Amino acid sequence: MTKVKSNSESRSEDVEGPDGGWGWVLLAALFVSTSLVFGLMRSLGVFFVEFVQYFEESSQAVSWISSTGLAAQQFFSPLGAALCNAYNARLVVMTGGFLAGLGLILASQATCLAHLYLTMGVISGLGWGLVFTPMVATVMANFTRRRTLALGLAFSSIGLSSFAFNPLFQLLVEMYTWRGALLILGGLSFNIVACGALIRPKKRSEAPAKVDPDSRSSCVAQLQRVSSYLELSLLCERPYVTYTLAISLLNAGYFVPYFHLVAHSRQAGFSEYQAAFVMSAAGATDILGRVVSGWFADLRHFRLIHLLSFWTALAGVFIMLLPVSSLSGSYVALVAISLLYGFCSGALTSLAFAVVPLIVGVERMMGALGLLQLIESGAGLLGTPLSGLLKDITGNYMASFMVVGSFPILGTLTMATLPHFFSCTDPPPPQRRSLDDKDKGLNSELEQMNSLPSDTSSRSAE
Amino acid sequence: MTCMSTFCVFLHLFLLTSEASSSTQPPLAPITPLKTDVRSIKIELVNPVNLTLECTWTGNQNKLPNITSYWTKDGEEIQNSQLSVQFHNGQYNIKQVQHFVSIVSRSFPSVPQIGEVRDKPIISYMGDSAVLTCKMDDKKPKPNTWNWYRHNGTEKEQINVTVEPHRYEIKNKEEKTETRLVVNNLTEADSGLYSCGAVYAIGTTMSHVELKVIAFMEPLKPFIVIMVEVVVLVAAILLYEKSQSKKKVTTGS
């Protein structure tokens, strides 16, 4: 075992640029595509005003468009991951970009609200789902030591682009009405295809090894293959399930304040501009938090999982403090807590994905991320309506923020039940079970890919 | 003259006092307006009203002078408004009124302005139909009817729906708080300034809306530019990669 390991150690530099080189180009591609997916989704509010007027529907009916889009993106994430495992990531991302653009172009011709649900919601959502998870997984596979920093930089694009897209979309709508603006947005979304083209195809060599060669019925073989692409076996592993549960709890709460912060500030007695400024301030520290936490995490002073627990717990605490700070009527306190909350919520997003390969291994990361997105989306759908309901019942935001703030804290506690949580070094991620002895070369390659994210101390400890 | 509804009306009153005694003193110059309570109130009128303005005098009851009062409008004395009042014992109040009359006489600032008109031009595509909306605030009185006008240079002509029924449609809400002008089958010539007028018995208030008609080519131009850019990028990336792999193959072997 050690002999193989020492060989692999010397070969570690030869593994395809795990830290830079083409990885930076892919990072730029991820930056652009994430902004065109999530930044675009967040800035659709400009269009909703137009839709309400044009179609004469209620704003609630119109807001379902973005809910459908987000739900579709998260629902189709495992599909995107599976297709990447079956074919290659480049094809999937390019197809996803094409679909996203197509959905928006078709939406520009919509004559009723149902058309918009179908085009902007389902088709574009499918496209976004095929883009996001594969691109994130590809970038993560191309970075090891600076993985978290790369993720932080890439996810900061969401905040930055929603700053830029809001006035841009407003301008487009004013110049070309919403139909022309959607057409142009579709064209912009086609740039994701160019981002996808940057992915160098990589062979997933151990996929055929997963299929049981003795099975006779092709149906069972198909199912087995599909389940291996979807990485459904992960659902039976305790660390992954624990982590997914923790992230779901986190997802139920951590971004709810963005929906309610303005209303809460207004209710606390502050003016419209003050409330809007609180939001912008939180958004700005969100961007900062993503980058800083990514950089800090890669300094390796602490384990990623510990940092994630720390930021998550802090985010929960600050969410709970939000209504308390405005109780005293002090605007400064509200702004301060919002800034801190924004920083923590940004900080944890960089880390949430980066921990996954430490739990499941780099090879299964694609499918793991897809499943994670799907499961956490369900919890995310729960958080906002629940807090709205609590507010309607109690009349103010105290109860809703308290409950919503408790979700990330529960998530932290769940994370604490992960195996080896309290050790100072990362445990080695699990190996694939279906490897047999004749794939020793494969084995060693996998081992070295799996051992790279760990600390050097853990390697020597083995 | 009585006050209209619940508003208190105040008069700007010049008081000339003349003493009953045959003094050789010339009549006193108008006393500077008594500043007790100066207010100007805007009243919104929808229909013509008969308005009465009231002025009452409180003064030294013992003195009981012979007072001549008159009304002024915009600083000029109204004819036949001089009134000599014989005061009886009692309580009278004189208050100050300013500019009451001007509210009625000027061009309907009292008639409600049309709210919710967009400042920015409404844009539509050729061949499409455009909807121009004018809304009156719910709290303001409801107009009797609405008219739509089209500005041609400096002139304004009313849009007659019956002349071209397939091109223009005017839809009014039942409560008359909203009107819509639907212009079908738009052409470039339809671009321009349109006005909606809320008709009241007292007059009409207008608001303006601009309509701009653009060809569908307009948004297509940036779209095509972006598409070309995407295709060029993708081709460049793929070609670069091919050339890189060719280099690797040639150096590798």
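Remember, it's a predicted structure, so these values are computed and weren't measured experimentally. Labels below follow one simple rule: chain letters A, B, ... track the order of the sequence lines, proteins then strands, and each chain is numbered from 1. Reckoned from all heavy atoms, side chains included, excluding hydrogens, waters and symmetry mates.
Judged by distance alone, with hydrogens and angles left aside, the side-chain atoms of Tyr125(B) form a donor-acceptor pair with the main-chain N or O of Tyr176(A) at under 3.5 Å.
The two residues Ala194(A) and Val234(B) have their closest heavy-atom pair at CA-CG2, 3.6 Å. Residues Gly180(A) and Pro219(B) share a closest heavy-atom pair of CA-CB, 3.6 Å. Of all heavy-atom pairs spanning Ser124(B) and Thr177(A), the tightest one is N-CG2, 4.5 Å.
The most heavy-atom pairs under 4.5 Å with chain B, out of Gly186(A), Gly196(A), Cys195(A), Gly187(A), come from Gly187(A). The residue among Ile123(B), Leu233(B), Leu220(B) with the most heavy atom pairs within less than 4.5 Å of chain A is Ile123(B).
Taken from CD1 in Ile184(A) to CZ in Phe223(B), the straight-line distance is 9.5 Å, to the nearest 0.5 Å. Of the inter-residue distances, the one linking Ile237(B) atom CD1 with Arg200(A) atom CZ reads 9.5 Å to the nearest 0.5 angstrom.
In this structure the side chain of Asn191(A) reaches within 4.5 angstrom of the side chain of Ile226(B), judged on heavy atoms.
Only the backbone of Met175(A) comes within contact range of chain B, judged by heavy atoms closer than 4.5 Å.
For the pair Arg179(A) and Glu218(B), the salt-bridge criterion is not met [side-chain N within less than 4.0 Å of a carboxylate O].
Among residues 100-118 of chain A, the residues having any heavy atom closer than 4.5 Å to a heavy atom of chain B are, in sequence order, Ile105(A), Gln109(A).
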| said: I'd like to know whether Glu241(B) forms a side-chain contact (heavy atoms from CB on, under 4.5 Å) with Leu198(A), so could you lay out the CA-CA distance, the side-chain angles of the two residues, the decisive distance to 0.1 Å, and finally the verdict. | reply: CA-CA 9 Å; Glu241(B) 191 183 316; Leu198(A) 285 168; over 6 Å; no
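Note: Trp22(A) and Tyr240(B) have parallel aromatic rings, judged against thresholds of 30 and 60 degrees for the angle between ring planes.
In this structure, Phe55(A) places its CZ atom where more than 12 heavy-atom neighbours from other residues, nucleotides or ligands lie under 6.0 Å away.
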